[in-house]
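Labels below follow one simple rule: chain letters A, B, ... track the order of the sequence lines, proteins then strands, and each chain is numbered from 1.
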Amino acid sequence: MGAVHDDVHHAPDGRGRALRLGIGGPVGSGKTALTAALCRALGGSLRLGVVTNDIYTTEDADFLRRAGVLDPERILAVETGCCPHTAIRDDIAANVDAVETLEERFGPLDLVIVESGGDNLTATFSRGLVDRQIFVLDVSGGDKVPRKGGPGVTSADLLVVNKTDLAPMVGADLGVMDRDAAAVRQGKPVLFTSVRTEGAAEVAAWVTEQVHEWSHEHEHGHDHGHGHDHGHPVHA
Amino acid sequence: MTPGLLLLTDSRLPAGSHAHSGGMEQAVKEGLVHDLASLESFLAGRLRTAGAVAAGFASQACAGHDPVELDAELDARTASPAQREAARTQGRLLLRVARRIWPSPALEELAGRLPSPHHPIALGVTAAVVGATPREAGAAAAYHAVTGPATAAVRLLGLDPVAVHRVLATLDLPSPDGLPAASAPLLDLLAERHRRSPVRLFVS
């Protein structure tokens, strides 16, 4: 690792900093609702920060602040100049700046969530910005979406299929979505949720597991990825 | 010309500039820029004022003038707090990216003394590190002053991108000359009104 000039908190190997979790997905799939549900579920056990990437200024940040799920100062908004995918993938400077600002002001933190602006199926986060990513679809986008794939669906560490309560109304077959997602995701997990009506307990449990795995790897100096095969217990 | 300068002037350099419109978003919102002709006059005005100032300061920073002194001088020439903030944010992000791409004592020293320098100062010092001349640094700063707003206009108005690039190609980049103090009150006002706008796509 030659980046000796980086600030300590900016170290590429992630030592001594929070897990950075990206939440991406198409417009209206429930990214902000999921972020709020995660803050609600995890705010008591983890030290949190949130960065939102709104299409229009601070809409999502304001929603989260009003929802009262987190100290409003721990939520920062990044403007993306009409290009939400650029801000999370090609030019991550403003997002990295926001994440580091949160860590400087409120650190040490356990988890920083970076919520993308609503985008398309090809929008994924840069590995330079986040350590794990969740891609959120909703059933009303059509049950063919997982089959169509795209980097978000195929490569995200967790795929969340939201608004399952609407499935009967929009004629979406959850079994088809589950089968198609499994076929393109090579064993990576998929969770079905109805965040608005039931919250996101399973997603929160997955995130907690990631945070513990992350801190275990980076506090004990393991190489990144080393621990994945051992099924580390979740220290709840 | 050094390859480093080409990277520094590339809009794909991941230093956060893509989300800054240099007043263009507000100008479009207020109907001041609505077609190619109005875009051209906006860009020409920006180049003669903000662009010329940025060019002068980037050039002097590249030539080795004390960056802290230059930064204070540039602050004094930037009336709008919103513009100061936008310039310092872009400077901070450029400096961070430059330190990782071109590790060097000059950039470490700048970061130690000025964590958030005005963008032209960060650009000028980085230009020197990559081996560019003060004149080239000035041209890069002037170019940066118009390419961001031009791209923003393409996104906001759906203008033909080739026609917009032809406009850019016809603009005369100012030659860096001392430390000019040309001001553009309309750009100041646009920046302040933009900062207060509840609906915004761009940072500035």
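More than 12 heavy atoms of other residues, nucleotides or ligands shown are found within 6.0 angstrom of NZ on A/Lys188. Counted within 6.0 Å of CZ on B/Arg12, heavy atoms from surrounding residues, nucleotides or ligands total 12 or fewer; the atom is thus considered open. Taking a 6.0 Å sphere around NE2 of B/His34, one finds it holds more than 12 heavy atoms contributed by other residues, nucleotides or ligands. Heavy-atom neighbours of A/Arg47 CZ from other residues, nucleotides or ligands within 6.0 Å: above the threshold of 12. Heavy-atom neighbours of B/Glu30 CD from other residues, nucleotides or ligands within 6.0 Å: above the threshold of 12. Heavy-atom contacts from other residues, nucleotides or ligands closer than 6.0 Å to CZ of B/Arg48 number 12 or fewer. Environment of CZ in B/Arg77: crowded, with over 12 heavy atoms of neighbouring residues, nucleotides or ligands closer than 6.0 Å.
Annotation: the span from B/Arg155 atom CZ to A/Cys83 atom SG amounts to 3.5 Å, rounded to 0.5 Å. Note: A/Asp91 CG to B/His18 NE2 = 4.0 Å, rounded to the nearest 0.5 Å.
Heavy-atom minimum distance, B/Phe202 versus A/Cys82: CE1-SG, 3.7 Å. Scanning all heavy atoms of the two residues, the minimum distance from A/Glu79 to B/Leu201 falls at CB-O, 3.8 Å. Minimum interatomic distance between B/Pro14 and A/Ala93 (heavy atoms only, all atoms of both residues): O-CB, 3.6 Å.
Using a 4.5 Å cut-off between heavy atoms, B/Ser17 touches chain A through its backbone atoms (N, CA, C, O) alone. Using a 4.5 Å cut-off between heavy atoms, B/Leu13 touches chain A through its backbone atoms (N, CA, C, O) alone. Using a 4.5 Å cut-off between heavy atoms, B/Ala152 makes no contact with chain A at all. Both the backbone and the side chain of A/Asp97 come within contact range of chain B, each with at least one heavy atom under 4.5 Å from a heavy atom of that chain.
Salt-bridge annotation for B/Arg92 and A/Glu100: absent, with no side-chain N of the basic residue lying under 4.0 Å from a carboxylate O of the acidic one.
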